[in-house]
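Reminder, nothing fancy here: chain letters follow the sequence lines and each chain counts from 1. Side chains are part of it too, since the values below use all heavy atoms of this structure and drop only hydrogens, waters and symmetry mates. Since the structure is predicted, the reported quantities are computational estimates derived from the model, not experimental observations.
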Amino acid sequence: MSKPRPISGFPEWLPPQRMIEQRFLDKIKSVFEVYGYAPLETRAVEPLDQLLRKGETSKEVYVLRRLQEDSSASSPDDSLGLHFDLTVPFARYVLENSGKLNFPFRRYQIQKVWRGERPQEGRYREFVQCDIDVVDRDTLPAHYEAEMPLVIGDALGALPIPPVTIQVNNRKVCEGYYRGLGLGDPEAALRAVDKLDKIGPGRVATLLTETAGATDAQAKAVLALAEISSTDASFADSVRALGVSDPLLDEGLAELVQVVETAAAYAPGLCVADLKIARGLDYYTGTVYETQLAGFERFGSICSGGRYDNLATSGNERFPGVGISIGLTRVLGLLFGADKLAISREVPTCVLVALSDEEHRRAADDIAAALRRRGIPTEVSPTAAKYGKQIRYAERRGIPFVWFPGDPDSIKDIRSGDQAEADPATWSPPAADLHPTIN
RNA sequence: GUGGCUGUAGCUCAGCUGGUAGAGCACCGGGUUGUGGUCCCGGUGGCCGCGGGUUCGAAUCCCGUCAGUCACCCCA
């Protein structure tokens with residue numbers, strides 16, 4: 001049997017990294033809850049036709065089947081696929097449970113998702129998304145679109161990561177503008193504009209004429225819009241100065257102004273209106289969000305979302321929503337890769353109780369139990385090796401304290417070498433040492 | 001899914017035009033007979049990603065495959 005090997009795109013962290021991930025998850029969850037989002041988890045699979053209902057994502061969906069399946073029995077329609085995001089399953093869940101939910105419904109959902117795409121740094125086939133959404137019945141007030149960045153700003157701002165910038169745009173602005181321009185294929189135009197940073201205005205203009213059926217003048221006008229960006233409401237004036245008019249454009253501008261002004265009021269510097277942001281997913285109908293992590297811009301957005309008006313609809317029931325999702329695995333993968341995240345020890349243990357000989361293991365266990373009762377993470381030395389080796393056992397793992405049973409007991413801080421008498425019923429470590437700390 | 005680059009010890013890397021492997025760090029042991037980290041001495045450890053092929057002989061050449069990475073696609 002040869003040595004097991006990793007599976008491409010399915011990352012597995014070491015314990016220190018997992019501890020960091022768990023801290024992040026705890027923090028994100030608490031911020032989501034402080035905004036009143038309710039926890040939710042949906043199953044990992046959805047019927048394939050549900051997953052493929054929107055967009056051409058078919059080839060990236062992992063299909064589930066039993067090893068001993070009668071291939072003739074199941075049609076493609078009722079086979080199951082692993083969800084590739086949390087928005088589509090959530091829309092399904094809302095429709096299924098609409099009678100039991102109170103609207104507007106605010107929920108957060110932190111789960112793994114799967115996409116069968118070619119992995120590379122910061123891009124995985126299995127990764128964790130931390131998602132918030134608000135849906136309402138029939139109509140969804142636009143102020144929720146302004147709330148999303150605030151939640152994310154608080155959540156990401158509370159983590160020990162580089163600063164982030166949330167870029168916002170509104171599909172109505174682009175579509176209204178394109179319509180006012182008389183452009184043939186708005187979808188294709190959006191896709192072309194989305195590449196502006198990567199391939200530059202010249203090649204975007206070419207793409208626009210080739211794929212979106214734009215004239216040279218239209219391409220120029222589309223680029224003029226895409227190049228507008230501001231951290232305050234002034235982008236709206238810049239757009240109006242382009243002289244294109246359309247009711248949808250005005251509606252979009254008003255909504256985008258509200259998002260940017262709200263952000264500027266509560267989280268200065270967090271948001272920037274950036275009219276080239278398009279987002280690939282075609283179910284977005286209003287505000288769209290992307291997020292850049294300072295220093296890691298080339299790896300793409302770490303947190304994206306938008307407003308969708310038609311995702312959760314069934315018959316004449318309609319649940320428009322807005323949501324945004326943190327790509328936690330990407331954030332971690334990038335920061336781990338750049339050595340920007342470290343934790344003070346590789347185990348939770350704060351105290352190692354040394355063992356003089358196996359006859360005294362019971363006494364050492366008693367000490368450990370007393371410390372644990374007071375919430376101090378403690379383990380007893382695995383063997384009664386020489387004390388030097390026991391200290392080294394702690395040192396290798398970053399455990400800060402070694403407890404020496406005796407008469408009296410003593411506790412040694414192996415970083416400073418300080419050693420003092422201690423009583424397991426009363427001794428406590430400095431608060432900063434009780435649990436591993438990040439960075 | 002398409003294409004490019006890379007793959008030698010736990011880590012970072014040597015190994016000329018093919019002659020069955022080396023360094024530093026890490027790890028283990030001893031010096032230091034039960035309180036580590038320095039220093040000295042010694043040692044373990046690699047089917048050279050994996051599988052085929054060419055060859056008397058392959059880490060080295062060829063093909064495939066897996067993994068990492070980059071570009072495209074798309075996206076967290």
Pair A:Q111-A:Q129, side chain to side chain donor-acceptor pair (under 3.5 Å): steps then yes or no: CA-CA 6 Å; A:Q111 289 181 240; A:Q129 286 195 327; over 6 Å; no
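A:K389 comes within 4.0 angstrom of the backbone, heavy atoms only, and of no base. At the heavy-atom level, A:R392 lies under 4.0 Å from the strands shown only through sugar-phosphate atoms. Within the nucleic acid shown, A:E395 comes within 4.0 Å of at least one base atom, counting heavy atoms only. Across all strands shown, A:Q120 has heavy atoms under 4.0 Å from base atoms, whether or not it also approaches the sugar-phosphate. Within the nucleic acid shown, A:K112 has no heavy atom closer than 4.0 Å to any nucleic acid atom.
Whole-Å rounding puts the A:E60 CD to B:rU2 P distance at 16 Å.
Between B:rA21 and B:rG36, the two C1' atoms lie 35 Å apart (nearest whole Å). Nucleotides B:rG64 and B:rG57 are separated by 23 Å at their C1' atoms, to the nearest Å. Remark: the separation of the P atoms in B:rG52 and B:rA14 is 28 Å, to the nearest Å. Separation of the C1' atoms belonging to B:rG45 and B:rG29 is 14 Å when rounded to the nearest angstrom. Spacing between B:rU60 and B:rG49 at atom P, rounded to whole Å, works out to 8 Å. The C1' atoms of B:rG19 and B:rA58 are separated by 9 Å, rounded to the nearest whole Å. Remark: the separation of the C1' atoms in B:rC41 and B:rC61 is 44 Å, to the nearest Å.
Ring geometry for A:Y284 versus A:Y308: interplanar angle of 30 to 60°, hence tilted. Taking the six-membered ring for Trp and thresholds of 30 and 60 degrees, A:Y37 and A:Y35 have ring planes inclined between 30 and 60 degrees apart. Using cut-offs of 30° and 60° on the angle between ring planes, the pair A:W403 and A:W427 is perpendicular.
Of all the heavy atoms in A:E255 and A:A142, the pair that sits closest is CG-CB, 4.3 Å.
Two residues, A:R415 and A:Y387, neighbour RNA chain B, and the one matched to the more 5' nucleotide by heavy-atom proximity is A:Y387. Residues A:S325 and A:I199 each lie close to RNA chain B; by heavy-atom proximity, the contact nearer the 5' end of the strand is made by A:I199.
Residue A:Q390 places no side-chain atom within donor-acceptor reach of the base of B:rU35, judged by atom type and a 3.5 Å distance cut-off alone. A donor-acceptor contact under 3.5 Å is not formed by the side chain of A:R123 with the base of B:rA76.
Pairing for B:rU60 is absent, with no Watson-Crick or G-U wobble pair whose two atom distances lie under 3.5 Å.
Residue A:R125 places none of its side-chain N or O atoms closer than 4.0 Å to OP1 or OP2 of B:rG68.
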